[in-house]
Amino acid sequence: MEDNHTISVNLYGQSPSTARELPEPDVHIITSGALRIPAHASILASVSPVLENIIDRPRKHRSSEKVISILGVPCDAVVAFVRFLYSSRCTEEEMEKYGIHLLALSHVYAVPQLKQRWCTKALGERLTIGNVVDVLQLARMCDAPDLYLKCMKLVANHFKAVEKTEGWRFLQEHDPWLELHILQFMDEAESRKKRSRRHKEEQRLYLQLSEAMECLEHICTEGCTNVGPYDTEPIKKGPCSKFSTCQGLQLLIGHFATCKKRVNGGCLRCKRMWQLLRLHSSICDQSDSCRVPLCRQFKLRMQLDRKKDDARWKLLVRKVVSAKAISSLSLPKRKREELQETHDRGIGSFRL
């Protein structure tokens, strides 16, 4: 029994003084290599409900020795598993060598702390092209969703390399349902990427339109380098902070004021200007004092044609307003207050 106690000191990960306080082992764990690991039934039962049920299972002979068989994994993996049950710790070396086996043991014997805190994290950090298929299959069998998703993403991102591995060939021969699920996941991931790219492009368009609305108000209120209110002297100052947008809008306004085709509706640039003026009118809440041309006229026309108003146009207006709100929230508080003061002063005809 002294020999068993010495093994326990080394096995349980306890300090010598703590190990000496443990009672004599009352149960033995048998591994595939016929290694007998002495243990304490009360400790095993307190950590694992599955081991508790095994320990409490009636025995044919009351005096027979309590034995638990843990087979199918390396002996050292079982030793590391038992050590965790006593100390709630695993070394990096143990996770490197036996991470997959410990994940399986933590699932079979219902030890969630080992499974979630140690195995899932460690295996996720050690994923490679070569082992990802094996870990993926194990994560599915052991109900480890975080690890499973991480494996799926790695397979999707490096599929060309993964399909050349032995693990993938084994998967194709023995688990066609998982192969189908992986291919479906990849297809859905590509669809999500396309939707995300489309959404980003749309948001960029809405932000550009929102910026164009700000520049239009800025030009009609205080003017910029070439265009401004007809009743205000030009302010000699440098380009504004959004000059790239503002300059394009000034050129469009200059064309709109002199174009001869717009009378017959034959100019695409003038149509674009009409759309910007209409969009401003749909957003503006200062129609009585607004200085942007045709703002009031567009509002009156929208009130008359309310029933005919295009649902797609309403959606565009909402998106641009939302983009403007999000953009303003990203600004410092002082800048937001300055923009609000500019808006409150109201915004008139152009000076070309």
Side-chain angles (χ1 to χ4, degrees), residues 29 31-33 44 47-54 68-85 88-196:
I29 297 173
T31 70
S32 297
L44 301 183
V47 180
S48 167
V50 176
L51 290 175
E52 181 182 19
N53 289 335
I54 295 173
I68 300 172
S69 297
I70 299 182
L71 311 174
V73 296
C75 297
D76 289 341
V78 180
V79 172
F81 177 65
V82 175
R83 184 179 291 118
F84 181 87
L85 298 181
S88 299
R89 293 191 303 273
C90 279
T91 66
E92 287 293 323
E93 182 181 2
E94 288 171 340
M95 294 308 304
E96 182 72 35
K97 291 182 178 180
Y98 311 114
I100 289 179
H101 305 295
L102 289 172
L103 175 60
L105 291 171
S106 67
H107 176 71
V108 170
Y109 293 100
V111 186
Q113 186 182 14
L114 174 59
K115 180 179 180 179
Q116 297 165 8
R117 183 178 174 184
W118 292 86
C119 296
T120 299
K121 180 181 177 183
L123 290 173
E125 292 172 350
R126 292 169 171 80
L127 281 179
T128 65
I129 299 296
N131 70 10
V132 65
V133 174
D134 295 332
V135 177
L136 174 63
Q137 291 176 295
L138 183 64
R140 182 181 63 163
M141 290 187 294
C142 294
D143 190 25
D146 293 342
L147 181 60
Y148 181 81
L149 180 59
K150 197 166 186 176
C151 292
M152 291 290 274
K153 289 180 177 179
L154 180 60
V155 172
N157 293 333
H158 301 87
F159 182 69
K160 292 294 184 184
V162 171
E163 68 175 349
K164 296 177 182 178
T165 63
E166 188 65 33
W168 180 259
R169 288 190 287 272
F170 180 87
L171 178 71
Q172 287 181 304
E173 293 176 7
H174 298 90
D175 199 344
W177 285 108
L178 182 56
E179 179 190 5
L180 177 61
H181 187 63
I182 291 171
L183 296 177
Q184 289 175 337
F185 177 88
M186 291 171 57
D187 184 61
E188 291 170 2
E190 185 60 31
S191 298
R192 285 194 297 271
K193 287 180 181 178
K194 289 181 180 178
R195 288 196 299 269
S196 177

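In this chain, residues are counted from 1 in sequence order.
Between L114 and C90, the closest heavy-atom pair is CD1-SG, 4.0 Å. Smallest separation of non-hydrogen atoms from A144 and T120: CB-OG1, 4.2 Å. When all heavy atoms are compared, the tightest approach of W118 to R89 is CZ2-CA, 3.9 Å.
Taking OG1 of T91 as the start and OH of Y98 as the end, the distance is 9.5 Å to the nearest 0.5 Å.
Scanning for side-chain hydrogen bond (donor to acceptor under 3.5 Å, both in side chains) contacts around S191 gives an empty result, with sequence neighbours left out. In this structure, the side-chain hydrogen bond (donor to acceptor under 3.5 Å, both in side chains) partners of E93, at least two apart in sequence or on a different chain, are K97. For F170, the ring-ring contact (aromatic ring centres under 6.0 Å, His included) partners are H174, not counting sequence neighbours. Among residues two or more places apart in sequence or in another chain, the salt bridge (charged side-chain N to carboxylate O under 4.0 Å, His left out) test is passed with E94 by R83. Under the side-chain hydrogen bond (donor to acceptor under 3.5 Å, both in side chains) criterion, R117 pairs with no residue at all, not counting sequence neighbours.
Pairs of residues two or more places apart, or lying in two chains, that qualify as side-chain hydrogen bond (donor to acceptor under 3.5 Å, both in side chains) and include a residue from residues 178-187 are Y148-H181, Q172-E179. Residue pairs meeting the side-chain hydrogen bond (donor to acceptor under 3.5 Å, both in side chains) criterion with at least one partner in residues 156-168, sequence neighbours excluded, are E166-R169. Under the salt bridge (Lys or Arg N to Asp or Glu O under 4.0 Å) criterion, the residue pairs touching residues 124-133 are E92-R126, E96-R126, with sequence neighbours excluded. Every pair passing salt bridge (Lys or Arg N to Asp or Glu O under 4.0 Å) that includes a residue from residues 127-155 is listed here, sequence neighbours excluded: R140-D175.
The closest side-chain heavy-atom distance from E190 to M186 is not below 4.5 Å. Taking the side chain as every heavy atom from C-beta outward, C151 and L147 approach each other to under 4.5 Å. Contact check for L136 versus I182: side-chain heavy atoms found under the 4.5 Å cut-off.
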In residues 103-113, what donor-acceptor pairs under 3.5 Å come from side-chain atoms, sequence neighbours left out?
residue: S106; atom: OG; partner: L102; partner atom: O; Å: 3.2
residue: S106; atom: OG; partner: L103; partner atom: O; Å: 2.7
residue: H107; atom: ND1; partner: K115; partner atom: NZ; Å: 3.2
residue: H107; atom: ND1; partner: C142; partner atom: O; Å: 3.0
residue: H107; atom: NE2; partner: M141; partner atom: O; Å: 3.4

Residue pair I68, L44: steps toward the side-chain contact (heavy atoms from CB on, under 4.5 Å) verdict: CA-CA 11 Å; I68 300 172; L44 301 183; 4.1 Å; yes

